[in-house]
Amino acid sequence: MADGPLDQPRTAGYEADPAEVRRVLLLYSGGLDTSVMLKWIQDSYDAEVVCLTVNLGQPGEDYAVIEDKAKRLGALECHVVDAREQFARDFVVPAIKANALYGGGYPLFTALGRPLIAQLAVDYARRSGCDTIAHGCTGKGNDQVRIEATVATLAPELKTIAPVRSWQMGREEEIAYAREHGIPVKGGTEVTPYSIDDNLWGRSSEGRWIEDLGHAPEDDVFQLVTRPEEAPDEPETVTVDFEAGVPVGLNGERLELVELLERAAEIGCRHGIGIVDHIEDRIVGLKVRDIYEAPAAAILLTAHAELEKLVGTIHQNQFKPSLDQKWAYLVYAGLWWEPLRADLDAYMDAVNVQVTGTIGLRLYKGNVRVATRSSPNAVYDADLASFAESGGLFSQTASPGFIELWSLQSRMAYRIRNRGKDGGG
Ligand code: ARG
């Protein structure tokens, strides 16, 4: 058997049999990989290609240009979908309610975007009569898992192909292929670009020197957030209003969700907020270093967590982080459709019913610090110091009795462990 990319053995049931690929829905970004793919699929599979480009709020995209490029490269149709609102409402808001950070620092913007992109791919594939979905993920990352798991879950009748995983072309070969097939290649060809993924919740950069753990971040990686040392010398205060865990206003102004997220990002960018240099445990085994810029997440997650703590009891506040962590891991690991995630959401929603109020943050040269807090549901009373003023809820004279019982087991255990020693029982 020849060993061309199409002859590679198929491992999973959802992988397409090349002989059966007739019409492919390609997740198209307009970049080099997916543009080469658009031509390559038509040639290698003798198949038609329908393109889908999803707008999740990635800054600086010109969707008319992308659509035009797809058409010129032979796409049968090119759909551009503005999914920002759905992304914000159905993916970012649950993440805020779950204080979602993976590995202590990654606000999951890419991980949240993939299931939505793949869900839209399924919708448009069905509408356009496609039998196969193609994406541009490599075999090294989490994104292939998130996309293929979604397709296999939602549409068992559809197959997938991942050309970058199988076509055995490096960047040089891709550029040569592009030249040969009249695919415009933008930018210089000497320096490999960073691998970027972004949306309105954040932006990640991987590759090049970032893979060298001894290499401190170079300035050119920060295309979104102002470097903290160049941020204004004056701090800025921003207040965030929440209703039932959902951010609804900034600096006292009520805003629609997408606009609120975009404005929070803008303010954060100005002050160098949300830079994360992260070593990540990938689900595919590798450890990878990513540089993240997530200004909106840094502001809104900080404010939300603080407000939630103010309205929650000590017991809720000790318990919820373990569920938050489980939620973040499921989403990171590509299991958005796992029922446990929905079960956890029910808990997150229940807790967040109380999360109404306002948090004031001070932003200054890369730092976010909570400055003010207020909530009608705060489990807090500045007058609790005296029995009379607290309406009988708190009595300082009851403290010694409490302390005697609270410390009982510890005191007994201490005695037992110190039997026979000086001062022991
Ligand atoms: N490491 C992050 C994740 O696994 C970001 C991935 C970014 N994707 C990309 N194709 N550059 O979610």
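Each ligand, and each atom within it, is numbered from 1 in the order the structure gives.
In summary, the atoms of ligand 1 found under 4.0 Å from a heavy atom of D290, numbered by their order in the structure, are 1 (N), 5 (C). Of all atoms in ligand 1, listed by their number and element, those nearer than 4.0 Å to a heavy atom of S204 are 5 (C), 7 (C). Every atom of ligand 1 is numbered from 1 in the order shown, and the set under 4.0 Å from a heavy atom of E280 is 1 (N), 2 (C), 3 (C), 4 (O). Set against the non-hydrogen atoms of Y292, the atoms of ligand 1 under 4.0 Å away are 1 (N), 2 (C), 5 (C). Every atom of ligand 1 with a heavy atom of N142 under 4.0 Å away is listed here by number and element: 3 (C), 4 (O). Near Y106, meaning under 4.0 Å from one of its heavy atoms, ligand 1 places the atoms 2 (C), 3 (C), 5 (C), 12 (O).
Judged by the 6.0 Å and 45° rule, R114 forms no cation-pi pair with W336. Cation-pi geometry between R227 and F222 is not met: the NZ or CZ atom fails to fall both under 6.0 Å from the ring centre and inside 45° of the normal.
A salt bridge is absent between K159 and D131: the closest approach of a Lys/Arg side-chain nitrogen to an acidic carboxylate oxygen does not fall below 4.0 angstrom. Using a 4.0 Å cut-off between a side-chain N of Lys or Arg and a carboxylate O of Asp or Glu, E308 and K97 do not qualify as a salt bridge. Using a 4.0 Å cut-off between charged nitrogen and carboxylate oxygen, D143 and R146 count as a salt-bridge pair. At a threshold of 4.0 Å, the pair R341-E338 does not count as salt-bridged, since none of the basic side-chain nitrogens sits closer than that to a carboxylate oxygen.
For residues 41-64, every residue pair satisfying the salt bridge (Lys or Arg N to Asp or Glu O under 4.0 Å) rule, not counting sequence neighbours, is listed here: R23-E48.
Among protein heavy atoms, atom 10 (N) of ligand 1 sits closest to D143 OD2, 3.2 Å. Atom 11 (N) of ligand 1 has its closest protein heavy atom at S195 OG, 3.0 Å. The protein atom (non-hydrogen) at minimum distance from atom 6 (C) of ligand 1 is E206 OE2, 3.5 Å.
Checking Y292, F91, Y332 one by one against F109, the ring-ring contact (aromatic ring centres under 6.0 Å, His included) holds for a single residue, Y292.
Contacts with ligand 1 closer than 4.0 Å are made by no heavy atom of R289, backbone or side chain.
Ligand 1 lies within reach of R114, whose nearest heavy atom is under 4.0 Å from it. F109 does not count as a contact of ligand 1, since none of its heavy atoms falls under 4.0 Å from the ligand.
Taking the centre of each ring, H315 and F319 stay at or above the 6.0 Å mark.
In terms of polar-atom proximity, T110 is not counted as a contact of ligand 1, lacking any N or O under 3.5 Å from an N or O of the ligand.
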